[in-house]
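Taking it in order: structure first as structure tokens, then the write-up.
All chains are named by letter (A, B, ...) in the order of the sequence lines, taking the proteins before the strands, and each is independently numbered beginning at 1. Side chains included, hydrogens not; waters and symmetry mates left out as well; all remaining heavy atoms used.
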Protein chains: 2
Amino acid sequence: MPRVRDPKRTRRKVLEASYREFYRHGFQGGSINRIVTAAGITKGALFHHFAGKNELGYAVLDEFLTPAVNNWWVEPLHDAGDPVQALRNILKRFLKRIEEEDPEAGFLFNGCPICNLAVEMSPLDEGFRERLGTIYDTWHCAISEALERGQATAVVRSDINPTAEASFLVSIMAGSASVGKVTQQMAFFRNCIKVAQIHVESLVPS
Amino acid sequence: MPRVRDPKRTRRKVLEASYREFYRHGFQGGSINRIVTAAGITKGALFHHFAGKNELGYAVLDEFLTPAVNNWWVEPLHDAGDPVQALRNILKRFLKRIEEEDPEAGFLFNGCPICNLAVEMSPLDEGFRERLGTIYDTWHCAISEALERGQATAVVRSDINPTAEASFLVSIMAGSASVGKVTQQMAFFRNCIKVAQIHVESLVPS
DNA sequence: AACCTTACATACCACGCGGAATGTTGCAAG
DNA sequence: CTTGCAACATTCCGCGTGGTATGTAAGGTT
């Protein structure tokens, strides 16, 4: 029998259950009642830790999704000497991850959790829009700045536009996840990543 | 004073109001009550023409969004002799259209209506998933088949993969709309389309 | 030992939802 | 002229929702 009083753990359980609930049903379609049931706690506990449904959504963004983007994209790109090699690794690692996932709960079925919230909530709530904007901006900057550094050390072609290329890469990730969850075909997803990989290769000087 | 009894017109008004409502609030967040108010009719009239909320969403897909894709992509590509020129025209026309739109109600603020529904409803309802899958499939096929015809007449490079290129183009359109509605910057959207245009140019034999 | 704050649990609430049941009226066929 | 059905309008309903008010107990502080 675990400790009765454990606020950190309780908060964590709520956040994890919320993430899953919103991931599957969307934010508006997500149910507080289902969250408390899944987390094995009560509504009183939830509203003790979070002021309301919106704040719960914000917390999922701040404490789950922002770190995920940092893990997958920002840090690898920041640490890398050669940005093209870093992008190669990221795309490869990403594709592998998806293929290993549980098809019922993973990326191919449910899409990108960030993109899902962005599509649903950006026009409806400024708090969501702002946070999601920051996430995409961080992501975007990580790519474009890495490409600029690559241009400075001549490992990236000087005649490409880092900003446009970054926009392109972010869009492809979001778009392929969105369309992929409709077609339910890994092949579609793989095709998109493949073209993205080819495009990345075209960034290295000939 | 208009004709009191006009089922065709009534049905149309309901569909148009539903399209706008779902476009702004999503399907789950969309309200039947708001729809009947906006359409200037009553709930009785709505449920006389449509069996339920889901059927209403299906009708929006079948009678609004499917024709829109046909208009913008399928027919131009089918009629064209040179698929690359057709894609050039489509992208240009599309960008122009968005720049002219009302910022409060248009593509940049609300995203792509098809992609929005796809992201929200695909994992939740098979009826939505099926219809959206058909739309994306038609769209995808229109591009890939046009590219294949272009390869046959040597106006498209023979060493590119039409299927992969089609997947890529569809994804870019969906992704740029999704991310664009977060950043709210036309520049982001324009960057994506620009890279897509460059990519399209790379399809023509050198 | 008394106390007080934090961390929950329980019970309850108003509201808007999608939808059904029923009532009413225009309009065309017989 | 009347009959009948399609095309609505009106009214009502059960339910799940996000959120609150209140109760209670754990555990550190003094």
Side-chain angles (χ1 to χ4, degrees), chain A residues 1-61 63 117 120-121 124-128, chain B residues 1-61 63 117 120-121 124-128:
Chain A
M1 189 168 174
R3 295 255 305 279
V4 184
R5 286 297 195 60
D6 195 339
K8 291 263 179 79
R9 197 176 119 92
T10 302
R11 196 188 137 90
R12 185 103 223 161
K13 284 201 294 181
V14 172
L15 273 179
E16 283 168 0
S18 300
Y19 166 74
R20 276 192 291 268
E21 173 72 10
F22 295 150
Y23 190 28
R24 301 206 185 182
H25 296 89
F27 180 75
Q28 300 185 94
S31 159
I32 298 271
N33 290 336
R34 278 199 298 259
I35 290 173
V36 300
T37 303
I41 49 111
T42 64
K43 217 182 268 192
L46 190 150
F47 278 95
H48 174 74
H49 286 282
F50 301 94
K53 200 191 183 186
N54 278 10
E55 278 67 30
L56 192 51
Y58 299 161
V60 169
L61 281 174
E63 302 178 38
L117 285 174
E120 183 186 4
M121 296 306 296
L124 296 179
D125 182 272
E126 181 58 22
F128 274 95
Chain B
M1 188 169 172
R3 297 257 302 280
V4 185
R5 285 300 199 50
D6 196 338
K8 293 262 178 78
R9 198 177 120 91
T10 302
R11 196 188 137 90
R12 196 116 248 282
K13 285 201 296 181
V14 172
L15 273 180
E16 282 168 2
S18 300
Y19 166 74
R20 277 191 291 267
E21 174 73 10
F22 295 150
Y23 189 29
R24 302 206 184 181
H25 296 88
F27 180 75
Q28 299 184 98
S31 158
I32 299 271
N33 290 335
R34 278 198 300 258
I35 288 173
V36 301
T37 302
I41 50 110
T42 63
K43 218 183 267 192
L46 191 150
F47 278 95
H48 174 74
H49 286 282
F50 301 95
K53 200 190 184 186
N54 278 10
E55 277 67 30
L56 192 52
Y58 299 162
V60 168
L61 282 174
E63 302 177 38
L117 285 173
E120 183 186 4
M121 296 306 297
L124 296 179
D125 182 272
E126 180 58 22
F128 274 95

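- Considering only side-chain N and O atoms, A:N33 lies under 4.0 angstrom from the phosphate OP1 or OP2 of D:dT17.
- Put simply, CG on A:D6 is 17 Å from P on C:dT6, counting in whole angstrom units.
- Below the 3.5 angstrom threshold, one finds a donor paired with an acceptor across the side chain of B:K43 and the base of C:dG19.
- Between the A:E21 side chain and the A:I32 main chain, no donor and acceptor come within less than 3.5 Å of each other.
- Set against D:dG18, C:dC8, D:dT10, the side chain of B:T42 has D:dT10 as its closest nucleotide.
- If you take CD1 on A:I35 and CD on A:E16, they are separated by 12.5 Å, rounding to the nearest 0.5 Å.
- Among the atoms of the strands shown, only primed sugar atoms or phosphate atoms (P, OP1, OP2) are found under 4.0 Å from some heavy atom of B:G30.
- Separation of atoms CE (B:M121) and CG (B:L124) is listed at 5.0 Å; rounding is to 0.5 Å.
- Taking the side chain of A:T10 as heavy atoms from C-beta on, and the options D:dG18, D:dA9, C:dC8, the nearest nucleotide is C:dC8.
- Checking the phosphate oxygens (OP1, OP2) of C:dG16, no side-chain nitrogen or oxygen of B:S31 falls inside 4.0 Å.
- Note: CD (A:E55) to P (D:dT20) measures 11 Å, nearest angstrom.
- You'll find that the side chain of B:K53 is closest to C:dG19, out of D:dA9, D:dG18, C:dG19.
- Taking atom CZ of A:F47 as the reference point, atom P of D:dG23 lies 20 Å away to the nearest angstrom.
- Put simply, CD1 on A:I32 is 13 Å from C1' on D:dT20, counting in whole angstrom units.
- Here the P atom of nucleotide D:dT17 and the CG atom of A:L46 are 13 Å apart, to the nearest Å.
- Rounding to whole angstrom units, CZ of residue B:R11 and P of D:dA7 are separated by 11 Å.
- B:H48 has no side-chain polar atom (N or O) that falls below the 4.0 Å cut-off from OP1 or OP2 of D:dA6.
- Here B:N54 contributes atom CG and B:E126 contributes atom CD; the two are 12.0 Å apart, rounded to the nearest 0.5 Å.
- Remark: C1' of C:dA7 and CZ of A:R9 are 15 Å apart, rounded to the nearest angstrom.
- Put simply, NZ on A:K8 is 12 Å from P on C:dC8, counting in whole angstrom units.
- The main-chain N or O of B:Q28 is found under 3.5 Å from a side-chain atom of B:E120 such that the two form a donor-acceptor pair.
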